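Just so you know, these numbers use all the heavy atoms, side chains as well, and skip hydrogens, waters and symmetry mates. Start at 1 and go down the list; that is how both ligands and their atoms are numbered. For this chain, numbers begin at 1 and follow the sequence in order. Keep in mind that what you see is a predicted model, and the values were worked out from it rather than measured.
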Amino acid sequence: MRRAEVAVVGAGAAGLVAARELLREGHAVAVFEKSGRAGGTWAYDPRADADPLGRDPGAPGAVHGSLYASLRTNLPRELMGFSGFPLAGRVFAGDPRTFPGHREVLAFLDAFAEESGVAARVRLRAEVLRVRPLGEGPGERWAVAWRGEDRAVAEEAFDAVVICSGHCTLSLVPKIRGIDKWGGKQMHSHNYRVPEPFRDQSVVVVGLGASGIDIAREISHVAKEVHIAARYSEDRLGKIELYQNVWMHAEIDCIQDDGRVRFAEGSAVAADTILYCTGYRYHFPFLDLDGLTVDDNCVGPLYGHVFPPKYAPNLAFVGVPSKTLVFQALQLESKWVAAALSGRAALPGEERMMAAVRELYRRMEAAGRPKRHTHVLWPEWVEYMNWLADQVGEPHLEPRRHEMYERALRCIWSLDDRYRDRWEEDEEHDGGDCGTVEVNM
Ligand code: FAD
């Protein structure tokens with residue numbers, strides 16, 4: 001088996017589990033982390049960007065994390081561990097709840113890094129500035145230029161590089177017709193931390209993903225009115241019964257001449273703030289490679305959302321897909337990268353990998369799915385997980401975990417936060433379906 005020297009960019013959940021799997025496979029690993037600690041997203045940062053829309057992750061002092069102070073996981077802890085190192089069954093930061101707060105997940109990742117031996121391989125305050133191949137064709141080594149704490153820039157060569165730099169930092173802000181007539185405040189959820197600044201305001205929350213739902217609910221306790229603008233909300237338009245002051249609308253149509261926000265179903269409201277909970281863009285400022293692009297939020301081409309065919313297996317991405325069991329996907333992708341580098345898992349040739357990527361694009365187009373959803377796996381997420389498992393000889397996803405994830409999505413979509421504390425109880429009494437809400441994200 002080949003033993004490679006591997007650079008891992010980023011020490012969030014992806015980088016940590018990638019490093020563990022690489023070490024287990026016998027590779028040598030250096031993890032570069034630009035911040036002062038490991039944990040990535042789960043290291044809550046109370047600061048916000050100077051630009052409330054968070055449009056420039058390269059701005060001085062730009063903040064990586066997008067967690068809000070009150071955040072609890074949206075999946076039960078049983079779905080957020082790693083093999084041999086579960087989050088369930090052990091308490092890491094004094095929060096034993098089934099859906100713990102963010103500190104518990106961070107403490108879990110710290111313990112995982114320590115106990116797996118990965119922590120010793122992490123170089124903190126080491127920002128990767130550039131990753132480039134040292135020659136042409138497969139088998140070439142890679143140069144990693146990085147800046148250390150003393151601001152000095154060094155370059156080191158590795159056999160392979162695994163990109164684990166995350167994708168929940170650079171905000172995706174939709175263009176709204178007439179936004180130039182808007183006199184109020186605009187903000188992206190990347191910079192939302194606490195509800196207090198929205199006291200007595202009328203707020204339009206755009207987007208109905210997990211963050212949008214959490215934030216709309218939290219703001220409703222202090223705001224005068226909360227208006228949620230979302231696609232796929234036709235069957236739930238109007239005031240939401242669960243709350244005194246929350247209304248559901250279709251997506252924003254435009255800002256009217258009088259400055260009010262008009263929704264696609266025809267209603268309009270005067271608001272103080274538009275708060276975009278509209279997701280993030282992939283962004284790899286340290287990569288400028290021939291034939292590898294980010295276009296309309298599609299990173300491509302990527303075979304299995306992991307390997308760019310031209311550079312496989314020596315360049316790989318872990319953590320690109322979303323709307324799946326993230327931690328389990330990170331682990332399977334990491335195992336695949338480690339096994340492909342050692343030669344234990346064989347990858348098809350470049351042409352066959354390209355053909356598979358083209359086939360994915362063709363199927364998406366035929367199904368009418370926009371390019372920007374290339375890495376959004378739901379509803380076919382189980383197929384991907386099982387396909388990954390096949391690549392590395394792991395068992396398929398247990399039906400119980402499949403059902404739990406779908407149930408969690410239904411609960412999120414129900415807008416009723418009580419599911420987090422009633423999870424086990426509901427399971428015992430009525431299956432805990434959070435009603436009959438259709439998942440429609
Ligand atoms: P990150 O955690 O973002 O880590 C990337 C790391 O790379 C960071 O430490 C960063 O500093 C570093 N880095 C970036 N660029 C460089 C560079 N050039 N050089 C060196 N280091 C670099 N998932 C769940 O499973 N359950 C949940 O409940 C859940 N809730 C979420 C809530 C919010 C608000 C958000 C934003 C995400 C949530 N997620 C959740 C998804 C979450 O993103 C994943 O769980 C996971 O943490 C992603 O890990 P990552 O390592 O891919 O990225």
Side-chain angles (χ1 to χ4, degrees), residues 7-19 30-45 54 57-58 62-82 87 98-102 104-106 108-109 112-113 122-131 144-148 161-172 188-193 207 209-215 277 279-280 282-287 317-331 333-334 375 405 408-409 411-412 420:
V8 173
V9 183
L16 295 176
V17 73
V31 184
F32 294 86
E33 169 52 52
K34 70 177 176 184
S35 77
R37 71 164 351 281
T41 288
W42 294 99
Y44 172 69
D45 189 338
V63 174
H64 178 84
S66 302
L67 294 193
Y68 25 99
S70 65
L71 184 132
R72 289 174 68 183
T73 62
N74 48 47
L75 298 179
R77 53 200 302 151
E78 191 176 335
L79 297 183
M80 287 185 61
F82 297 125
L87 175 55
T98 306
F99 293 77
H102 53 80
E104 180 74 6
V105 183
L106 183 63
F108 158 78
L109 290 174
F112 174 73
V122 179
R123 304 185 195 175
L124 297 176
R125 297 181 194 84
E127 179 177 5
V128 170
L129 303 176
R130 178 116 198 255
V131 171
V144 173
W146 61 284
R147 184 167 47 213
V161 181
V162 186
I163 310 293
C164 304
S165 52
H167 55 82
C168 293
T169 296
L170 178 56
S171 55
L172 186 63
H188 189 275
S189 59
H190 169 63
N191 286 312
Y192 175 83
R193 297 293 177 270
S211 293
I213 291 171
D214 268 356
I215 292 172
C277 301
Y280 297 91
Y282 295 95
H283 181 58
F284 306 101
F286 47 84
L287 271 184
F317 292 74
V318 169
V320 169
S322 64
K323 293 256 161 61
T324 182
L325 279 183
V326 174
F327 278 41
Q328 199 165 340
L330 297 178
Q331 178 172 307
E333 289 167 9
S334 299
H375 309 296
Y405 182 72
L409 288 186
C411 289
I412 293 168
R420 285 186 165 105

Check step by step if side-chain contact (heavy atoms from CB on, under 4.5 Å) holds for Val17 and Phe112.
CA-CA 9 Å; Val17 73; Phe112 174 73; 4.1 Å; yes

Return yes when Gly65 approaches ligand 1 closer than 4.0 angstrom through a heavy atom, no otherwise.
no

Looking only at protein heavy atoms, what sits closest to atom 7 (O) of ligand 1 is Gly10 CA, 3.2 Å

For atom 36 (C) of ligand 1, closest protein heavy-atom neighbour
Cys168 CB, 3.7 Å

Nearest 0.5 Å, please: how far is CZ in Arg193 from OG in Ser70?
11.5 Å

Please determine if Ala13 has a nitrogen or oxygen closer than 3.5 Å to a nitrogen or oxygen of ligand 1.
yes

Heavy-atom side-chain contact between Val105 and Arg77 under 4.5 Å
no

Quickly, which of Leu287, Val162, Val161 forms a side chain to side chain contact (heavy atoms under 4.5 Å, CB included) with Phe317? Name it, please.
Leu287

Counting each atom of ligand 1 from 1 as listed, which ones have a heavy atom of Ser211 under 4.0 Å away?
34 (C)

Quick one: CG on Leu109 to CZ on Arg37, what's the gap to the nearest 0.5 Å?
9.0 Å

Can you check whether a protein heavy atom sits less than 4.0 angstrom from atom 17 (C) of ligand 1?
yes

Check each heavy atom of Phe327 against ligand 1 and say whether those closer than 4.0 Å belong to the side chain, the backbone, both or neither.
side chain

Taking all heavy atoms of Gly319 and all of Leu330, pick out the closest pair and write down the distance.
CA-CD2, 3.4 Å

Just to be sure I read this right, does ligand 1 sit under 4.0 Å from the backbone of His64, its side chain, both, or neither, counting only heavy atoms?
side chain

Will you find, in the side chains of Ser211 and Tyr192, an N or O donor that is under 3.5 Å from an N or O acceptor?
no

I need the contact type for Ser165 against ligand 1. Using non-hydrogen atoms and a strict under-4.0 Å cut-off, is it side chain, backbone, both or neither?
both

Nearest-option assignment for atom 37 (C) of ligand 1, heavy atoms, candidates Val8, Thr41, Val128, Leu79:
Thr41

Around atom 12 (C) of ligand 1, find the nearest protein heavy atom and jot down its residue, atom name and distance.
Glu33 OE1, 3.3 Å

Any N/O pair Ala14/ligand 1 closer than 3.5 Å
yes

Taking heavy atoms and a distance under 4.0 Å, where does Trp146 meet ligand 1: side chain, backbone, both or neither?
neither

With a heavy-atom distance limit of 4.0 Å, tell me whether His167 approaches ligand 1 through its side chain, its backbone, both, or neither.
neither

Would a 4.0 Å cut-off, counted as strictly less than, catch a protein heavy atom around atom 40 (C) of ligand 1?
yes

Measure the distance from atom 33 (C) of ligand 1 to every protein heavy atom, then report the residue, atom name and distance (to 0.1 Å) of the closest one.
Leu67 CD2, 3.8 Å

Measure Leu71 to ligand 1 on non-hydrogen atoms and call it side chain, backbone, both or neither using the 4.0 Å cut-off.
side chain

Tell me, which protein residue and heavy-atom name are nearest atom 23 (N) of ligand 1, and how many Å apart are they?
Trp42 CZ2, 4.0 Å

Which of parallel (below 30°), tilted (30 to 60°) and perpendicular (above 60°) describes His188 and Tyr280?
perpendicular

For Phe286, the ligand 1 atoms with a heavy-atom partner under 4.0 Å come out as 18 (N)

Quick look: Cys164 vs ligand 1, heavy-atom contacts under 4.0 Å, and the answer is backbone

Under 4.0 Å, heavy-atom basis, I'd like to know which part of Ala38 is in contact with ligand 1: side chain, backbone, both or neither.
neither

Evaluate Lys323 against Tyr405 for side-chain contact (heavy atoms from CB on, under 4.5 Å), listing each step before the verdict.
CA-CA 10 Å; Lys323 293 256 161 61; Tyr405 182 72; 4.3 Å; yes

With atoms numbered from 1 as shown, which atoms in ligand 1 lie under 4.0 angstrom from a non-hydrogen atom of Thr73?
28 (O)

Can you confirm whether or not the ring centre of Tyr68 sits under 6.0 Å from the ring centre of His102?
no

The closest protein heavy-atom partner of atom 21 (N) of ligand 1 is Lys34 N, 3.1 Å

Nearest non-hydrogen partners of Arg420 and Asp214, listed with the distance:
NH1-OD1, 3.2 Å

Using a 4.0 Å cutoff against the non-hydrogen atoms of Phe32, which atoms of ligand 1 qualify?
20 (C), 21 (N)

What's the shortest distance from atom 44 (C) of ligand 1 to any protein heavy atom, and which residue and atom give it?
Val326 CG1, 3.8 Å

Ring pair (Phe, Tyr, Trp, His ring centres under 6.0 Å) partners for His167, two or more places apart
Tyr282

Polar atom proximity, Arg72 to ligand 1 (N or O, under 3.5 Å):
no

Closest approach of Ile215 to Cys277 (non-hydrogen atoms, all atoms of both residues)
CD1-SG, 4.1 Å

Quick check against the 3.5 Å criterion: does His190 have a side-chain atom that pairs as donor or acceptor with the backbone of Val63?
yes

closest protein heavy atom to atom 53 (O) of ligand 1 is Gly166 CA, 3.3 Å

Is Ile163 close to Phe286 at the side-chain level, that is, under 4.5 Å between some pair of heavy atoms?
yes

Measuring from atom 25 (O) of ligand 1, which candidate in Arg130, Gln328, Met80 has the nearest non-hydrogen atom?
Met80

Apply side-chain contact (heavy atoms from CB on, under 4.5 Å) to the pair Leu106 and Tyr44, showing each step before the final yes or no.
CA-CA 9 Å; Leu106 183 63; Tyr44 172 69; over 6 Å; no

With respect to Asn74, determine whether any N or O atom, backbone or side chain, lies less than 3.5 Å from an N or O atom of ligand 1.
yes

Does Leu129 reach ligand 1, in the sense of a heavy atom lying below 4.0 Å from it?
no

Enter the distance from Glu33:CD to Leu16:CG here, rounded to the nearest 0.5 Å.
8.5 Å

